Each structure stands twice: as structure tokens, then as C-alpha cells.
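As the structure is a computational prediction, the values presented were derived from the model and not from experiment.
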Amino acid sequence: MMDVDTALSCLRELPVDPRLEAIDDGVFDALAYQRRHGAPLSGAVFGIAAGVALSVGLLGSVIPARETRVSSIAPFGAPPALAPSTLLGTSE
């Protein structure tokens, strides 16, 4: 098992990544771009999506489903009348 204190002290001794010197400019550029162009998806988009989802859910629960009759198939080829669960419950 790894000792967390030892791992953190080893990490502290490593040199600083040189790419961290340029991270400030990238963050400030991204913030300025977002201020100019707005958020990628606004609250209106999420509101419309929530309204559509609510409408579809309500319509799906209000409209009755059409009943379909399917012929019963017996698993493993045995008819249901001869299944062990039906034979054990009968008293003859």
C-alpha cells in the first residue's frame, strides 16, 4: 500500500512543469471569448429541452397503448399445463 505522505513529498520535490507559465494567458483569453460570445448553451436552451421532455412524457402517459395479443410459447418445448409448478399444486 502506498503511503500518501511519502507520495506527496516526492511530488513536491519534482520540478514545476514549464507549461504552467503560459496557462494564465490561455485562461484569460477563454474568459474574454466567453464574455464576447456568451455561454455555449444558455438557460433558454435548457428550458426548451425541459419543456419538450415534459410534453413528450405527458403525451406518452396520456395516450393509451394498443393491446397486442401474442400466442403463448412454452419455454423448452414443454406445454405450460405439464410444467412441474402446475403438477405439484394439484391434488388427485
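Applying the ring-ring contact (aromatic ring centres under 6.0 Å, His included) test to every pair with at least one member in residues 48-69, sequence neighbours left out, gives no pairs at all. Sorted by first and then second residue, the side-chain hydrogen bond (donor to acceptor under 3.5 Å, both in side chains) pairs involving residues 19-29 (not counting sequence neighbours) are Asp17-Arg19.
The side chain to side chain donor-acceptor pair (under 3.5 Å) search around Thr6 returns Asp3, not counting sequence neighbours. Residues that satisfy the ring-ring contact (aromatic ring centres under 6.0 Å, His included) test with Phe28, not counting sequence neighbours, are absent from this structure. The side-chain contact (heavy atoms from CB on, under 4.5 Å) check on Tyr33 picks up Arg36, His37, with sequence neighbours excluded.
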Name each donor-acceptor pair under 3.5 Å that joins a side chain in residues 58-65 to protein atoms two or more places apart or in another chain, with its distance.
residue : atom : partner : partner atom : Å
Ser61   : OG   : Gly57   : O            : 3.4
Ser61   : OG   : Leu58   : O            : 3.0

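The distance from the CG atom of Leu31 to the CZ atom of Arg35 is 6.0 Å, given to the nearest 0.5 Å.
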